[in-house]
Every structure is written in structure tokens, then in C-alpha cells.
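In what follows, chains are A, B, ... by sequence order, proteins preceding strands, each numbered from 1.
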Amino acid sequence: MSKSTDSKESESQQSKQLPIYRHKAELIRAVKDSTFLLVTGETGSGKTTQLPKYLHRAGFCKDGKIGITQPRRVAAITVAQRVAQEMHCTLGKEVGYQVRFDDCTSQSTAVKYMTDGCLLREILADPVLSQYSVVILDEVHERSLNTDILLGLLKKMFSKPGKAAEGRSFPLKVVVMSATLETDKLSSFLGDCPVFTIPGRTFPVTSTFGFAVGPKDIESSGYVKEVVKVALDVHTSEKAGDILVFLTGQVEIERACDLLYEKAESIDYRYDVEDQTVEGLLILPLYGSMPTDQQRQIFQPPPSGIRKCVVATNIAATSLTINGIKYIIDSGFVKQLNHNSRVGMDILEVVPISKSEAEQRAGRAGRTSAGKCFRIYTKEFWEKNMPEYTVPEIQRTSLTAVVLTLKCLGVHDVIRFPYLDCPEERFILEALKQLYQFDAIDRRGRVTRLGELMVEFPLHPGLTRAVLKAASLGCQDLLLPVAAMLSVENIFIRPELCGVNTDVLLPSGHPEKQKEADEKHKALATKSGSMNDFATLLAVFQLCKSSGRPSAWCKDHWVHWRALKSAFSVETQLREILLRLQQKRDFPVDTYDGEKSELFRRCLCTGYFTNVARRSVGKVFCTMDGHGSMIHIHPSSSLFDHEGKLNWIIFHDVLVTSKVYVRTACPIRYEWVKDLLPKLHEVDVYELSSVAREEVTDEEMKKWETREAAKRQPEVSTEDVMKKLEKRNNETDVCDARARYLQRKQQRQQNKAP
DNA sequence: GAGCACTGC
């Protein structure tokens with residue numbers, strides 16, 4: 001280390017006070033001595049900002065970069081900013097970051113913060129990470145899908161002696177950083193690697209249990225009422241300090257805010273709590289899709305004498321930090337998207353949080369001083385209904401894209417891949433089946449040329465398939481915007497749910513504006529040529545883009561400008577990827593001689609034939625993918641109320657509330673999917689299971705082909721297929737979810753009654 | 001005739 005560097009990067013007093021500072025020399029030694037190192041420490045230990053700095057200074061960047069992954073974009077950016085500042089360098093030079101749409105690195109970048117998804121993309125291009133000398137995975141305890149995959153890949157890289165050295169001229173060091181949870185499990189997963197523990201620096205938070213919400217109340221949302229009661233108790237009896245309430249979603253939050261407003265109004269203000277005067281309560285909702293300008297108040301300190309009460313979703317658990325929070329009120333529930341392989345759908349449902357998540361929520365009260373956490377549920381609920389840890393994402397999500405990524409990385413055996421926690425085998429088999437249906441892998445489980453193209457796109461494989469089909473026909477301009485619009489949050493605003501208390505104690509809600517918004521949205525659907533929700537998305541994209549004043553256009557049409565803006569960026573990115581792939585010689589070229597007006601929907605069919613349904617009776621449709629679930633058209637769809645005229649439809653997504661609804665949909669003709677449908681039933685689980693495990697032998701292939709020939713009968717009529725599928729009605733899980741929803745709804749009505 | 005949590009490429 002040169003003298004000038006030393007003085008330039010001399011430790012600031014602030015950094016020296018971090019708990020990690022005392023362990024600096026030992027840590028550097030530990031990284032030198034072993035391939036894998038596990039560093040654990042709670043928030044405030046300084047590991048995220050300081051360790052890369054120490055390693056940089058100790059000469060670890062001599063041969064390659066230090067890469068640090070984060071599960072979230074904002075974290076990657078803000079941490080990089082801080083470290084650049086501490087190292088007295090310009091962001092983007094020695095210290096930089098890379099997240100989607102924002103690469104702030106250069107030739108000279110030695111310390112690179114990035115999202116876990118970015119590193120995974122880099123591995124696809126460079127499987128041995130030849131540019132890195134150290135890779136640090138941060139926040140591993142959060143168990144994000146990408147981090148879990150990276151963990152397995154890095155472990156695998158070193159599983160065979162000498163294998164990791166292939167294609168590299170210097171060794172790779174891997175540091176895994178996590179909160180002090182499941183430390184033994186992680187260490188043993190990484191070949192009993194050394195564990196380095198750094199104490200955290202937070203303030204104590206005392207937690208208490210409630211009496212109201214017990215195991216019997218799981219399925220009702222009576223907890224909203226209870227949360228409001230506890231919040232008011234805190235407001236009137238605890239000393240100064242802001243309140244943070246955790247609920248599950250937007251509608252619930254709005255209701256809680258209204259209730260709070262109502263009750264807070266009747267409080268006789270200017271009362272004293274332990275010598276501190278409280279004059280009012282500022283009630284602020286907080287959830288992800290809220291317009292940014294309305295979020296500003298949340299981070300500002302409240303006026304003197306006023307107590308702030310933020311009612312938030314889980315977004316406040318990890319993604320956002322609000323200063324001044326001293327009291328937490330924890331409902332004990334979260335809304336979670338779980339994949340259900342039995343019905344082949346993703347179901348969004350309210351579930352109890354895990355104990356570790358409850359601790360995480362409580363911890364939000366101890367960032368700046370000692371705090372208190374009021375859990376509204378009983379000790380019994382804690383013991384009987386809350387799991388120790390949250391089920392990792394990899395075990396409750398659709399694995400189609402992940403399996404394709406692994407296969408493209410040469411991980412043929414996706415069942416015996418070293419997962420920290422194995423996903424259920426049927427999830428993997430289902431993913432393989434989908435990939436086969438999309439022609440991304442062949443019968444032997446090998447990635448096809450098409451699969452290699454598909455993996456390049458940051459989209460769901462079905463959507464990618466449709467985009468590639470369109471590109472092969474030269475009509476990508478129809479599909480790229482749609483793909484972009486479907487990968488961002490909902491773009492249609494419903495004003496009723498967007499009301500925010502802009503003044504202290506002001507209720508929300510604009511029922512008359514909702515009608516206006518609905519009418520504007522309907523007009524957009526009609527403008528697009530009617531009865532095709534995909535076409536509506538395309539029309540919104542094009543109309544807004546060509547309007548000249550896009551943000552004003554959005555305001556006028558009740559469209560979410562922030563969402564549409566990000567759709568514009570996504571579309572540009574997808575277009576660039578496509579252009580790059582099209583320059584390769586073997587990019588597929590198709591011909592089309594059908595009706596021009598049908599081209600758009602026929603492209604969609606190649607990606608959505610797994611989401612196909614046929615009307616059975618009245619307004620009810622039956623999915624034709626082998627699950628045979630009964631579905632309805634959502635009232636927000638342009639197909640709604642036209643069911644009688646429809647026969648076959650394809651759809652993008654499913655929502656389970658009072659019914660099983662499909663939202664983005666369009667009518668199709670049976671002939672368009674006829675040739676694709678058999679592919680849905682071609683492969684059986686037995687076959688896929690071997691495909692997943694090992695290379696398939698020629699002998700085995702022959703066996704299947706014979707069996708297939710025997711199975712192949714004269715073409716079955718649609719009616720036969722229908723009957724068969726309707727019989728196999730496997731929708732018990734959806735029924736359960738619906739029952740839970742209805743029960744919650746009933747409970748709410750009871751609560752509302754005077 | 002309507003109840004979309006949060007991330008990420």
C-alpha cells in the first residue's frame with residue numbers, strides 16, 4: 001500500500017467507531033486464508049460499507065474487482081455513494097454500482113456494488129467471473145431468489161478440485177454476509193467455512209404480546225380494528241416518538257387510516273404524556289404504488305407537538321427507513337405471492353409472518369433510540385401459527401425462468417443443484433414442462449437455440465416466446481410495448497384508493513372521480529379496437545408516447561405516469577436486446593399468410609397457449625392447460641360483460657378474490673392454438689423427472705417414442721378434451737383461498753356494523 | 001360488478 005493512498009483513505013472518526021473496525025486485521029486475514037467466509041452481524045455493524053473498503057486497501061483489487069451484491073436497487077446505489085464518499089473518490093471511478101437501467105461503473109472501478117440479479121446476468125456471460133477477485137453476497141438471510149441461486153452457483157464452482165481455477169488466472173474469494181440467523185446451516189452449506197461474528201449496534205426494543213388476535217382469528221381481518229385501538233392507546237399514553245403500523249395492503253391501510261382519523265378526532269387534545277405535550281396525530285398511509293410526491297411527508301419530521309403515525313405495508317420492513325420511529329404496531333400478517341403447482345397458478349394471499357420477520361419489524365423501532373413493539377397477537381399465536389423463518393422465495397415461486405437460467409449455465413441436473421433449501425420436486429418438474437412447451441428445451445432437457453435466445457430477456461418465458469415469435473415475423477413493434485407494459489406495476493389508477501391525508505386529520509376518498517377514471521379507461525379500450533386487453537396496453541403505450549406531453553396525457557387519462565415511464569425504459573431495453581440477437585446469423589425467420597388483423601393475437605398465442613380457457617356455461621370459463629380450473633373475467637377487463645360472445649380466450653394473469661378472475665385477456669380462435677395444445681399433454685412426469693436428473697439415453701428416448709405412438713389415437717375432439725379436463729377439476733387450493741377471502745370480507749362487514 | 005404485498009434482470 002502506497003503512502004499517498006494511505007493518507008487519502010485514512011479512516012474517518014465515524015468509521016473507526018463502527019463495531020467492525022476492531023476486527024479489521026482479523027477479517028482481512030480470514031478472507032486471505034479461506035475460499036469461503038461467512039460474516040454475520042446485525043444492522044449497524046458496518047459490514048456492508050467497511051469490509052469492501054478494508055479488502056480494497058489490503059490489495060485484493062490487484063488482479064480483479066470486488067463485487068458486492070444487494071437484493072435491492074436502492075441499497076446498492078446508496079451504499080456505493082457512501083463508500084465512494086468515505087474513500088474520497090468520485091462515484092463511478094474506483095467505487096461504482098450497477099443496477100438495471102443504471103450502470104455507474106468504469107474501467108477503473110475496483111469496488112462494485114450491484115443487485116444480485118446483475119451478478120447473475122454477468123455469470124451468464126462469464127461463468128467463472130474472471131474479472132472478480134472477491135465476490136461478496138450481502139443480506140443472504142433475506143433469501144432472495146437470485147441470491148439463493150448465486151450461493152448454489154458459487155458453491156458448485158468450487159465443488160470439484162481445480163474446477164474453479166479453470167479459465168481463471170488468480171483465485172476467487174467468496175464472502176457471504178448475513179444477519180445472525182441460521183449461521184450453522186449456512187456455514188455447513190459452504191463446506192464448514194469459518195464464521196466471523198461482528199456485534200451490531202442498535203438500541204433495545206421491548207416487545208409485548210396482545211390479547212385480541214389468537215389462532216382462531218387468522219382468517220379474519222379483525223386485526224385492522226385491533227391495530228387502530230392499540231395505535232390510539234400508544235398515542236394517548238406513551239411519550240413522544242412516532243408510530244409505525246404494519247398491515248398487509250392498500251385497501252386495509254386506507255380503512256385503518258379512516259378509522260384512526262375518526263377516533264383521533266374525538267380525543268381532547270393538548271394532553272400531557274409524561275411531561276410532553278401532544279397536540280395531534282398525523283396519519284400517513286404508505287405503500288409501494290403510492291405516488292412519490294405524496295410520500296414526502298412520511299420522511300419529514302412532524303410539526304412540533306404532533307405525533308406521526310405511518311400505516312405501512314412490508315415496504316417499511318426493509319426497503320425504506322423512517323427516522324424517529326419509536327413504536328411499532330405489528331398486525332402479524334403479510335400479503336405473499338405463493339405459487340401453487342397443483343393449479344399452476346400464483347395466488348396472492350394473506351398469511352401470518354414468521355418469527356424472524358416479526359423481529360425484523362420490531363427492530364425498526366430501535367434505529368435511533370430504545371423503542372417498543374406492540375404485537376397485537378397473542379403469545380399462543382406466536383407459538384402455534386408463526387413459523388420460525390419465512391419460507392425462502394425459491395420454495396414458493398414459479399421456477400420457469402430460473403431453471404432456464406441454470407440450464408443455460410450448463411447445470412443440467414436442476415434437481416440435484418446445491419440449493420440451500422431445495423424447492424419441491426414438482427415445482428421443478430412443472431418449470432421443465434413449461435420450458436418444453438415453449439420449445440426452450442427439447443425432450444432430452446437440453447436448451448434449444450430458442451431457449452438460448454429466451455434467456456437473454458428479463459421477462460417471463462411465455463412473454464419472451466411471444467416477443468420472439470413477433471420478431472421472427474417482423475412485427476416486434478406490436479409485442480415489445482406489450483411485454484414492457486406487462487412487466488411493470490399496474491398502470492391504471494383508481495382514484496378511490498389513492499386518497500391520501502394531505503392535511504392533519506383529513507379523510508380520503510373521491511367516489512365521483514372513480515367514475516371518471518373508469519370511463520376514461522373504457523374509452524382507451526374502445527380506441528384500441530375493443531375486446532382485447534393486450535391491445536389496450538399497446539394503445540396506451542403508443543398514444544402516450546406520441547402525445548408530446550406524456551405526463552399530462554397520463555394525468556388526463558388516469559394512468560400511472562411513473563409506471564408508464566418505466567414501461568418506456570423496459571421497452572427500450574428489450575428492443576436493444578432483440579437488436580443484438582437479431583444481428584446473429586441464425587435468428588429465426590418465419591412467414592405468416594393469415595389475416596393481418598389476426599397477427600397480433602396469433603403472436604400472443606405462441607406465448608400464452610398454456611393460459612388458454614374455453615367458455616363452458618354462462619360466464620364461466622374452464623382452463624385447458626390440464627388443470628381444468630373454473631375462471632371468470634375480471635370486471636376491469638374489456639371482455640367483461642361480453643362473455644356470451646366469446647368462446648376461447650387467452651389470459652395473462654389470475655387473481656383470486658371472491659372468484660377466480662383473469663384480468664388481461666383476449667379472445668382467440670381454437671384453430672390458433674389447436675396445434676399447440678397437444679404439447680401441453682405430451683410429456684409426463686416420469687419423463688420429466690429423468691430429464692431433470694441426467695442425460696437421457698437413446699434407449700430411453702426410444703421407449704418414450706414407442707409409448708407415445710401407442711397413446712396417439714385418432715384426433716380427439718375438443719368436446720372430449722373439455723369433458724376430460726373439467727372432470728380433473730383440481731381447484732381445491734383456489735377454493736380454500738377464496739373461502740379465506742370471503743371469511744375475511746364477512747368479518748370486515750361485521751366490524752363495520754355499529 | 002371490482003380487495004395488487006414486495007423485490008429483481
Side-chain angles (χ1 to χ4, degrees), chain A residues 69-76 98-103 114-125 139 142-150 221 224 246-255 286-290 312-320 331 333-338 346-351 353 357 390 393 397 401-402 404-405 455-460 464 487-494 496-497 514 517-518 521 560 563 566 569-570 573-574 577 619 632-637 640-641 643 653-659 661 663-664 738 740-742 744-745 748:
Chain A
T69 69
Q70 296 289 325
R72 279 174 298 280
R73 295 165 58 100
V74 264
Q98 189 189 350
V99 299
R100 189 186 191 182
F101 302 127
D102 194 0
D103 184 357
M114 63 191 127
T115 50
D116 49 10
C118 275
L119 188 64
L120 199 53
R121 287 278 141 186
E122 278 192 42
I123 291 192
L124 267 170
E139 311 283 13
E142 286 189 25
R143 306 299 307 276
S144 84
L145 183 59
N146 286 335
T147 298
D148 266 18
I149 295 296
L150 286 171
S221 54
V224 174
F246 281 105
L247 282 174
T248 68
Q250 188 175 317
V251 180
E252 211 173 73
I253 286 170
E254 299 287 352
R255 184 169 340 97
L286 172 63
Y287 45 81
S289 58
M290 220 166 65
T313 59
N314 239 17
I315 194 169
T318 47
S319 307
L320 297 176
S331 66
F333 290 94
V334 70
K335 207 172 268 170
Q336 204 171 62
L337 186 70
N338 293 319
D346 291 334
I347 299 179
L348 190 66
E349 54 184 347
V350 175
V351 294
I353 57 171
E357 210 174 336
T390 307
E393 201 182 353
T397 205
V402 163
L404 180 60
T405 306
V455 82
E456 300 288 330
F457 289 87
L459 293 173
H460 293 294
T464 311
S487 26
V488 301
E489 56 187 302
N490 189 17
I491 56 142
F492 296 108
I493 296 173
R494 304 212 73 218
E496 178 202 41
L497 303 175
Q514 190 188 315
D518 283 353
H521 295 162
H560 211 289
S566 78
S569 315
V570 174
Q573 186 194 25
L574 298 177
I577 295 170
K619 297 186 164 198
H632 300 255
I633 308 274
H634 193 271
S636 66
S637 165
F640 183 77
D641 253 354
E643 289 90 342
D653 55 350
V654 184
L655 182 69
V656 182
T657 53
S658 56
K659 286 182 183 142
Y661 286 111
R663 282 186 308 179
T664 314
R738 188 168 58 209
R740 286 196 293 273
Y741 166 80
L742 290 172
R744 286 198 298 273
K745 192 171 176 178
R748 280 196 297 272

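Using a 4.0 Å cut-off, no side-chain N or O of A:Ser319 falls inside it from OP1 or OP2 of B:dC6. Between A:Thr318 and B:dT7, a side-chain N or O to OP1/OP2 separation shorter than 4.0 Å is absent.
At a cut-off of 3.5 Å, with distance as the only test, no side-chain donor of A:Tyr287 or A:Glu252 sits close to an acceptor on the other residue. With 3.5 Å as the limit, one finds no donor-acceptor pair spanning the side chains of A:Glu393 and A:Thr397.
Residue A:Thr313 places its side chain closer to B:dA5 than to any other of B:dC9, B:dT7, B:dA5. With B:dC9, B:dA2, B:dA5 as the choices, the nucleotide that has an atom nearest any side-chain atom of A:Pro635 turns out to be B:dA2. Closest contact between the side chain of A:Asp518 and the listed nucleotides B:dA2, B:dT7, B:dG1 involves B:dA2. Side-chain proximity of A:Ser658 to the nucleotides B:dC9, B:dC6, B:dA2 is greatest for B:dA2. For A:Glu393, counting side-chain heavy atoms from C-beta on, the closest listed nucleotide (B:dT7, B:dC9, B:dA5) is B:dT7. For A:Gln250, whose side chain is taken as the heavy atoms from C-beta onward, the closest listed nucleotide among B:dA5, B:dC9, B:dA2 is B:dA5.
Annotation: ring-ring contact (aromatic ring centres under 6.0 Å, His included) contacts of A:Phe640 (sequence neighbours excluded): none. Taking A:Glu139 as the reference, A:Gln70, A:Pro71, A:His141, A:Glu142 meet the side-chain contact (heavy atoms from CB on, under 4.5 Å) condition, with sequence neighbours excluded.
A:Leu337 comes within contact range of at least one nucleobase, with a heavy-atom separation under 4.0 Å. Using a 4.0 Å heavy-atom criterion, one finds that A:Ser144 contacts no nucleic acid atom at all. Counting non-hydrogen atoms under 4.0 angstrom, A:Arg72 reaches the backbone sugars and phosphates but no base. Using a 4.0 Å heavy-atom distance criterion, A:Tyr661 is classed as a sugar-phosphate-only contact. No engagement by A:Leu120 is indicated, since no non-hydrogen atom pair under 4.0 Å with the nucleic acid exists. Residue A:Asn146 is out of contact with every strand shown, counting any heavy-atom pair closer than 4.0 Å.
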